[in-house]
Structures are given as structure tokens and as C-alpha cells.
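Bear in mind that the values here come from a model prediction, so they are computed numbers and not experimental data. Starting from 1, each residue takes its place in the sequence as its number.
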Amino acid sequence: MVRLDRLVNVLGGYGVRLCGGPGTRSAQLRSVAMPGDADRWVSGDVFLAVGAASVTEAVRWAVSARATAVLVRAGAEAEREASAAGESQGVAVLLVDPEVSWSQLAGLVYGLVLEGRETESGRGPTDLFALADSLADVVDGAVTIEDRLSRVLAYSRSQQAGDPARLETILARQVPDSLRELFQVRGVFARLAAADEPVFVEPDPRHGLTGRMAVAVRAGRELLGSVWVTCGSPLTGARYRALADGARTVALHLLRSRASADLERQVESDLVIRLLEGSADAATMVSRLGLPQTAMRVIAVRAHLAAELHAALLLAFEQATTGFGWSRPGRSTLLGDTLYTVLPGEGADAARAWVAGLRAALPSQVRLVAGIGAAADAAELPASRQEADECLALHEKGVPPATPPTYDESWDDILLQRLRAAARTGRTPARGPVSALRGHDAVHSTHYVATLRAWLEAQGDLTVAADRLGVHPNTVRNRLRRMNEVTPLDLDDARKRLAMIIMLAAADEPATARHGRP
């Protein structure tokens with residue numbers, strides 16, 4: 001619930017102007033309504049006049065909806081008309097700059113008016129299935145509603161003119177790659193992106209396709225998705241008009257769903273960021289996120305798509321935050337170029353399964369890498385985040401889709417990674433036995449560093465060290481004697497041996513030398 005004056009103040013930052021109805025500024029707003037053919041008798045305190053041809057028509061719709069305020073997109077030239085219509089009907093008219101999209105506006109309005117109330121985002125767009133059923137009855141064909149990435153949002157129960165391609169699409173929850181390629185080649189997607197009118201897709205028996213009538217679902221110029229009807233020939237007359245009208249109704253449903261989803265994403269993201277950056281009231285943040293007060297892990301994810309800088313990451317974030325309320329196990333946010341998810345659970349298997357599920361839900365061409373921090377309580381999540389970042393760096397150096405590393409199993413690699421980073425910044429000693437031997441190798445083409453590494457890794461066993469180097473044990477013994485002439489090694493000192501092991505690990509020189517001068 002919010003007062004009208006607060007709504008006006010907030011929307012004023014987006015170029016919204018109040019015209020008419022000045023006596024209603026203290027009115028309390030509790031609900032939001034949008035027009036729709038399948039929802040003719042809508043009512044609400046705030047009316048979003050999507051599709052209104054004029055300010056006068058928008059006010060008339062608002063009066064029918066018993067609204068206190070109406071938002072309509074119009075330029076400054078409509079202010080006089082808006083003031084007159086608002087004063088005569090007792091409705092506050094808020095003029096929206098035509099450059100502001102309805103989707104952005106709806107997110108703000110729903111967020112402000114429904115603040116503190118339970119949304120339906122946790123249950124998903126169940127009304128889309130009812131809409132698909134209703135539309136199928138009118139057009140006499142099986143209906144599928146898809147998003148802009150050809151993922152199935154809803155479908156009708158009706159199987160009139162159903163075909164194998166539709167069944168495969170529903171089972172996979174997205175259009176198969178082979179069918180997408182067919183539509184791409186035929187220019188179907190290009191026509192949907194450019195036109196509002198339904199288009200007919202010719203049958204193709206090889207793909208189990210008996211034919212389709214498809215129409216874009218659009219909010220202004222933004223493509224939200226599409227509606228597909230299984231049919232052997234083009235729809236005409238009333239069925240054609242019903243499909244076109246149905247697409248507009250679907251657009252309104254998607255806008256409503258996205259508005260509440262965007263609000264929840266924002267609230268969730270803010271809370272997760274506070275947890276990852278460290279909060280004195282971390283336990284309270286966890287409770288507000290609906291997470292159990294148990295061990296949790298931070299998962300860091302990056303996603304890449306050729307020729308698209310941020311598209312894959314946004315797709316991953318959208319997928320990670322799909323299904324709001326308490327239906328998802330984790331809570332996510334975006335920080336820079338990384339998606340972070342806080343996932344309850346002590347073991348690493350659940351975190352790896354979550355990453356695998358996210359990868360499977362994204363388009364096949366998306367390259368996804370991830371890292372998983374160690375289990376932590378609420379106050380330790382910043383440390384788990386750092387561990388996840390370092391595991392992510394390890395995964396990026398590998399070849400995805402290899403298993404994402406977890407800190408529990410990769411702490412040694414991370415320690416060495418930190419040492420190498422320190423070495424690159426000059427924070428390791430520039431002189432010492434290892435440096436002296438490395439300099440000697442460079443000048444005299446010896447293999448003293450490799451020999452030292454093999455001997456240390458073999459814990460002083462000449463036979464094992466010689467086997468690793470591919471030489472005779474006496475060769476190792478002779479090399480060690482000559483190395484002591486170059487620089488004192490003090491191999492009997494455990495601390496010196498440990499320090500040399502660390503120096504060798506920081507340099508990350510592989511022990512691959514097998515031949516060379518003694």
C-alpha cells in the first residue's frame with residue numbers, strides 16, 4: 001500500500017507528470033490493474049492504460065475499473081486534455097513520457113503499490129495455462145506460449161492437430177535445436193521480430209511439423225515471446241483475429257509477471273549482496289531471504305556467449321531467479337560480471353547439481369564456468385564468496401564443462417594460486433637457493449631446479465627422484481653435490497626444505513626435465 005503523493009514523487013524521477021485530480025494526492029493505493037480481453041472486468045486503485053488510443057479513453061477505462069489514478073503514455077501536448085478529463089471524472093491522470101517502456105513502469109508501480117504484500121511470483125504464470133486453453137478453444141488448435149528464447153511458458157491441454165514436433169517441444173520445455181534451425185532458415189524468427197501480424201509456417205514432415213500459425217508477443221517495440229498454434233493451413237477470419245488479440249493479452253500477463261518478478265529480484269539481490277559483503281545482522285538477512293539457519297555455500301558463476309558481452313550472464317541470472325517465493329533452494333545476485341548464489345547445504349554435491357541444472361537450462365551455445373566455496377554459516381559467507389571466486393578462477397583456466405571445483409577439494413590449488421599471485425607482484429624473495437639454481441640453469445643449460453623439485457617431492461628418495469627425472473640415481477646424487485657448490489641448500493634443515501618447496505610451487509615450473517648435463 002502506498003499514498004498517491006509518494007507514487008507521484010517516485011515516478012516523477014522518470015518523467016511522469018500529474019494532471020488533474022489534485023484532491024486525491026493523499027489517497028491510499030492498494031492494487032494495480034491493467035486491461036485485458038480475457039480479464040474484462042478488472043478493477044484496481046492504479047490503472048495502467050496499456051494500449052489506450054487517447055487520454056480520454058484511458059480515463060474512461062480507469063473509471064470502469066474504479067481506479068483512483070491512471071497512467072497513460074502521452075506527450076506534453078496532452079496535458080490540457082488530461083487535466084480536463086481527470087477533473088471531470090475525479091481521477092488523477094499521470095502522463096508518462098512515451099520513451100518510458102511499460103515494462104519498466106509496471107515494475108515500479110507494482111513494487112511501490114504492492115510493497116510488503118505477498119506476490120504470486122512464487123507460483124509462476126499459472127494463468128498463462130488457462131489463457132492457452134481459452135485461446136485453443138477459440139482458434140481450434142493446440143496452443144503453445146514461448147518466451148523470446150523459444151522456451152515453453154505454457155501450453156493448452158487441447159491436442160487438436162497436435163504433432164510430434166509439439167510433443168517434443170513440450171517435453172523438453174523448449175523448441176528443439178533442429179526445429180529452431182528450420183525456423184531460422186525459413187526466416188520465421190525474423191518475421192516475428194519485425195511484424196505484429198500472425199505468420200504461417202509451412203508443414204515439414206521430416207521434423208514432425210504439420211504446420212504452425214505464429215504471432216509475436218510484444219510490449220511496445222520489445223519482443224517478449226510468441227504464441228504458436230498447430231494447424232495444417234493458415235488461420236483466417238475470426239480465428240486469425242482471436243490469435244492476434246490473444247497475443248496482446250499474453251503480453252499483459254507477461255508484463256504483470258515480470259513486474260512482480262523484477263521487484264523480488266531487486267529485494268533478493270540487495271539482501272544477498274549484504275550477506276556476501278559482510279553484515280552484523282547476517283542471521284537476520286538469512287531469515288529474510290527464507291533460507292534455513294544451517295551451513296550454506298556460495299557459488300560463483302560466469303556465463304559467456306559469442307558476440308554478446310552480457311547476454312549470457314543476464315540469461316543465467318534470470319534462470320537462477322526463476323520461480324520466486326520459497327520454491328527455489330538458493331538466493332542469487334549479480335555483482336559485476338559474476339552471478340553469486342547462496343545455497344543451503346553442507347555437502348558439495350548439491351551445489352554441483354545446482355550448477356549442472358543451470359547449465360542444462362541455458363542455450364547450448366552458452367559457455368558456463370563456476371566455483372564453489374566451502375560450507376559456512378551466515379557470518380562466514382564473505383569468506384565462502386572469496387573461496388568461490390578463487391575456485392571460479394581455477395575453472396576458467398580449465399576446459400568447461402569440467403566439474404566445477406569446490407574449495408574443500410581444491411584448497412591446495414588455491415593456496416598455490418595465491419603464492420603465484422604474490423610471486424608475480426614481487427612479494428617473494430628475489431634471491432635464495434632456488435633463484436640461484438634457476439640462474440645457473442639459464443646460463444649453463446643445467447637442470448638443477450628440476451632435480452631439486454624431484455628430490456623434494458620424493459622426500460629425499462634418490463631412486464624415486466631419478467625415476468621421475470628419467471636418469472640414474474647416481475646422476476641425481478652428483479647433481480645435488482654440484483648444486484651445493486653453486487649455493488648452500490641445507491637439505492637437512494626441514495624449514496629450508498619447506499621454504500624451497502613453497503618457492504618452487506610459487507614459480508609453478510613443471511618438473512619435466514629428463515635429460516641434461518649433470
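In this structure, the side chains of R248 and V50 stay at 4.5 Å or more apart for every pair of heavy atoms. You'll find the side chain of T230 reaches within 4.5 Å of the side chain of R212, heavy atoms only. Using a 4.5 Å heavy-atom threshold, the side chains of V70 and W61 count as separate. Side-chain contact between T169 and P176: present, with at least one pair of heavy atoms (C-beta onward) separated by less than 4.5 Å. A heavy-atom distance below 4.5 Å is found between the side chains of R367 and V369. The side-chain heavy atoms of L289 and L275, taken from C-beta on, include a pair separated by under 4.5 Å. Contact check for T333 versus E268: no side-chain heavy atoms found under the 4.5 Å cut-off. Using a 4.5 Å heavy-atom threshold, the side chains of D389 and Y340 count as touching.
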Inset, instruction - Go through the steps to decide whether S150 and F189 satisfy the test side chain to side chain contact (heavy atoms under 4.5 Å, CB included), and finish with yes or no. - result: CA-CA 10 Å; S150 299; F189 292 132; 3.8 Å; yes

Inset, instruction - Could you check E79 against L95 for side chain to side chain contact (heavy atoms under 4.5 Å, CB included), going step by step and ending with a plain yes or no? - result: CA-CA 8 Å; E79 287 189 10; L95 291 185; 3.6 Å; yes

Inset, instruction - Start with the C-alpha gap between V272 and T341, add the side-chain angles, then the distance that decides, and say whether side chain to side chain contact (heavy atoms under 4.5 Å, CB included) holds. - result: CA-CA 8 Å; V272 172; T341 293; over 6 Å; no

Inset, instruction - Could you go through the salt bridge (charged side-chain N to carboxylate O under 4.0 Å, His left out) check for R157 and D133 one step at a time? - result: CA-CA 6 Å; R157 292 190 301 266; D133 287 336; 2.8 Å; yes

Inset, instruction - Report the C-alpha separation of M285 and R331 in whole Å, then their side-chain angles, then the decisive distance to 0.1 Å, and conclude whether the side chain to side chain contact (heavy atoms under 4.5 Å, CB included) test is met. - result: CA-CA 11 Å; M285 299 297 100; R331 302 291 183 267; over 6 Å; no

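Nearest heavy atom pair, residue S54 against residue E81, reads CB-OE2, 4.2 Å. G246 and L135 get closest at one heavy-atom pair: CA-CD1, 4.3 Å. The heavy-atom pair separating Y240 from P198 by the smallest distance is OH-CD, 3.2 Å. Closest non-hydrogen pair, A242 versus V139, comes out as CB-CG1, 4.2 Å. Residues A69 and L4 approach most closely at CB-CD1, 3.9 Å, considering heavy atoms. Here the closest heavy-atom approach between residue S156 and residue A132 is recorded as CB-O, 3.5 Å.
Judged purely by atom type and a 3.5 angstrom limit, H395 has no side-chain atom pairing as donor or acceptor with the backbone of G371. Under a 3.5 Å cut-off, the side chain of R186 and the backbone N or O of E202 do form a donor-acceptor pair. A distance-only check finds a donor-acceptor pair linking the side chain of E380 to the backbone of D377 [under 3.5 Å]. Listed for the R302 side chain is no donor-acceptor partner under 3.5 Å among the backbone atoms of A393. Under the 3.5 Å distance criterion, the side-chain polar atoms of R166 are matched with a main-chain donor or acceptor of V143. In this structure, the side chain of Q89 does not engage the main chain of R60 through any donor-acceptor pair within 3.5 Å. No donor-acceptor pair under 3.5 Å is formed between the side chain of T144 and the backbone N or O of Y155. Using modelled atom types, no side-chain atom of D204 and backbone atom of L209 make a donor-acceptor pair closer than 3.5 Å. Not a single donor-acceptor pair under 3.5 Å links the side chain of Q365 to the backbone N or O of L305. With hydrogens and angles disregarded, no donor-acceptor distance shorter than 3.5 Å links the side chain of E346 to the backbone of A295.
In this structure, E318 CD and S332 OG are separated by 12.5 Å, a value rounded to the nearest 0.5 Å. Note that CD1 of I372 is 9.0 Å distant from CG of D349, once rounded to the nearest 0.5 Å. Note that CG of L153 is 8.5 Å distant from CZ of F129, once rounded to the nearest 0.5 Å. The CG atom of L235 sits 9.0 Å away from the CG atom of D140 when rounded to the nearest 0.5 Å. How far CZ of F317 is from OG1 of T338: 13.0 Å, rounded to the nearest 0.5 Å. Rounding to the nearest 0.5 angstrom, the gap separating the CG atom in L313 from the CG atom in D337 is 7.0 Å.
Using a cutoff of 4.0 Å between basic side-chain nitrogens and carboxylate oxygens, D177 and R180 are not scored as salt-bridged.
With 3.5 Å as the limit, one finds no donor-acceptor pair spanning the side chains of S287 and Q293.
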